[in-house]
Amino acid sequence: MNRRESLAAFAGVAAALAGCSGYGSATSESTQTRAAEGGIDTDAPGAGSATDPEMVHVRGATEQAPLWLADPDSETERERRSHRERRRHSRTVVDTPARAERLRVADGVEADGLDSFLSETDLDSQTLYLESVEVRACFELTLCRIEWQPDEVSTDYARTQLPYDTRCGVDDHVFEARLVRIPASLSADEVRGYGSSIGTAGCARRNRAEAESGDSASAASTGGDR
């Protein structure tokens, strides 16, 4: 059987998505992590980046990630609880219809457009990247940029405060999950590195700084102007 199959296998995903519970994790919104040293070279073969990727965004005041990939071996509630306690940030590559069928949505969480998003994804040439992050309830995240190469995926977020008239508890937390469509064929078995950064500067500023950093690196590698 080929690694990627017909998207007809997505039929019935909607039934599996309704009213399910499971495990997930997240991270403090002030942390910055990178699993692989040196960042991602988006000029390398099979690499790329996007500042406005197609995605489904889910936010919920849940005890675990509102959108997650269920374990195929039907893990026990004790194992799910242990998973939540071990990690506060989850990332998963969804590269086949079989993995997509394992997507679950937490009870009481709306995931508008998820079914159509899945059915419109061509897993022969695209990949889905699921990332869940925990943030303080009075803040929200915006995905500024996603970068990838065959063995690593990295994301960059901007954190902003919700409007002053939004009701929220300063000590409360919520989960944000994003299922991002990457316009490249990645393998879940080959992706071993994950990176994520969260800052208070807006996306325009962060992306501009990233572009200027890339231009500077390019100039340095060629000797720059004299």
Side-chain angles (χ1 to χ4, degrees), residues 2-5 7 10 25-27 29 31-57 65 67-69 87 89-100 102-103 117-118 120-133 141-159 176-199 201-225:
N2 294 332
R3 169 180 168 272
R4 299 176 183 266
E5 310 204 44
L7 285 177
F10 281 156
S25 56
T27 187
E29 67 271 21
T31 58
Q32 178 172 336
T33 61
R34 181 170 295 279
E37 296 295 334
I40 291 180
D41 179 6
T42 55
D43 292 328
S49 66
T51 56
D52 188 23
E54 297 176 314
M55 74 178 92
V56 170
H57 174 213
L67 181 61
W68 80 97
L69 199 67
R87 293 168 43 186
H89 194 150
S90 64
R91 302 122 160 167
T92 302
V93 172
V94 180
D95 60 344
T96 65
R99 288 178 71 83
R102 290 162 47 196
L103 286 168
F117 184 77
L118 290 173
E120 294 166 1
T121 301
D122 181 3
L123 289 178
D124 285 326
S125 59
Q126 300 170 329
T127 306
L128 296 173
Y129 182 66
L130 174 61
E131 183 166 38
S132 297
V133 184
L141 299 179
T142 300
L143 178 60
C144 299
R145 186 181 186 89
I146 183 169
E147 299 178 337
W148 63 88
Q149 58 190 28
D151 61 351
E152 184 183 359
V153 179
S154 178
T155 52
D156 181 41
Y157 293 93
R159 184 193 65 181
E176 292 196 14
R178 288 172 174 78
L179 187 64
V180 183
R181 183 183 291 144
I182 295 176
S185 179
L186 305 181
S187 168
D189 293 333
E190 296 175 4
V191 176
R192 300 295 184 183
Y194 299 95
S196 183
S197 61
I198 301 174
C203 283
R205 180 178 173 185
R206 295 174 71 81
N207 287 333
R208 183 168 61 250
E210 178 71 21
E212 291 173 352
S213 175
D215 291 343
S216 296
S218 177
S221 66
T222 58
D225 295 331

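- For the pair Arg91 and Leu130, the minimum side-chain heavy-atom distance is 4.5 Å or more.
- For Gly46 against Pro150, the heavy-atom pair with the smallest separation is O-CD, 3.7 Å.
- When all heavy atoms are compared, the tightest approach of Gln126 to Glu120 is OE1-O, 4.3 Å.
- Interatomic distance, CD of Glu190 versus CD of Glu152, reported as 14.0 Å (0.5 Å rounding).
- Using a 4.5 Å heavy-atom threshold, the side chains of Tyr157 and Ser196 count as touching.
- When the side-chain hydrogen bond (donor to acceptor under 3.5 Å, both in side chains) test is applied to Asp151, the partners found at least two apart in sequence or on another chain are Gln149.
- Remark: Ile182 CD1 to Thr121 OG1 distance equals 11.5 Å, nearest 0.5 Å.
- The OG atom of Ser185 sits 8.5 Å away from the CG atom of Leu123 when rounded to the nearest 0.5 Å.
- In this structure, Arg159 CZ and Leu141 CG are separated by 8.5 Å, a value rounded to the nearest 0.5 Å.
- Every residue meeting the side chain to side chain contact (heavy atoms under 4.5 Å, CB included) condition with Pro53, not counting sequence neighbours, appears here in chain and number order: Ala50, Met55, Leu143, Ile146, Val180.
- Applying the side-chain hydrogen bond (donor to acceptor under 3.5 Å, both in side chains) criterion to Tyr129, with sequence neighbours excluded, gives no partner residue.
- The one candidate from Val93, Thr127, Val153 that meets the side-chain contact (heavy atoms from CB on, under 4.5 Å) condition with Trp148 is Val153.
- With rounding to the nearest 0.5 Å, the separation of CG in Leu179 from CG in Leu67 is 6.0 Å.
- Judged purely by atom type and a 3.5 angstrom limit, Asp95 has no side-chain atom pairing as donor or acceptor with the backbone of Ser187.
- Under the side chain to side chain contact (heavy atoms under 4.5 Å, CB included) criterion, Thr142 pairs with Cys203, sequence neighbours left out.
- Ser197 and Asp156 are linked by a side-chain donor-acceptor pair at a separation below 3.5 angstrom, with hydrogens and angles left out of the test.
- Distance CG/Asp124 to OG1/Thr96: 11.5 Å, rounded to 0.5 Å.
- Ser49 is linked by a side-chain hydrogen bond (donor to acceptor under 3.5 Å, both in side chains) to Arg145, counting only residues two or more places apart in sequence or in another chain.
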*Give the C-alpha distance, both sets of side-chain angles, the deciding distance and a yes or no for side-chain contact (heavy atoms from CB on, under 4.5 Å) between Arg99 and Leu128.*
CA-CA 10 Å; Arg99 288 178 71 83; Leu128 296 173; over 6 Å; no
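- Scanning for side chain to side chain contact (heavy atoms under 4.5 Å, CB included) contacts around Glu54 gives Phe117, Arg181, with sequence neighbours left out.
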_Steps toward salt bridge (charged side-chain N to carboxylate O under 4.0 Å, His left out) verdict (Glu131, Arg178)_ = CA-CA 5 Å; Glu131 183 166 38; Arg178 288 172 174 78; over 6 Å; no
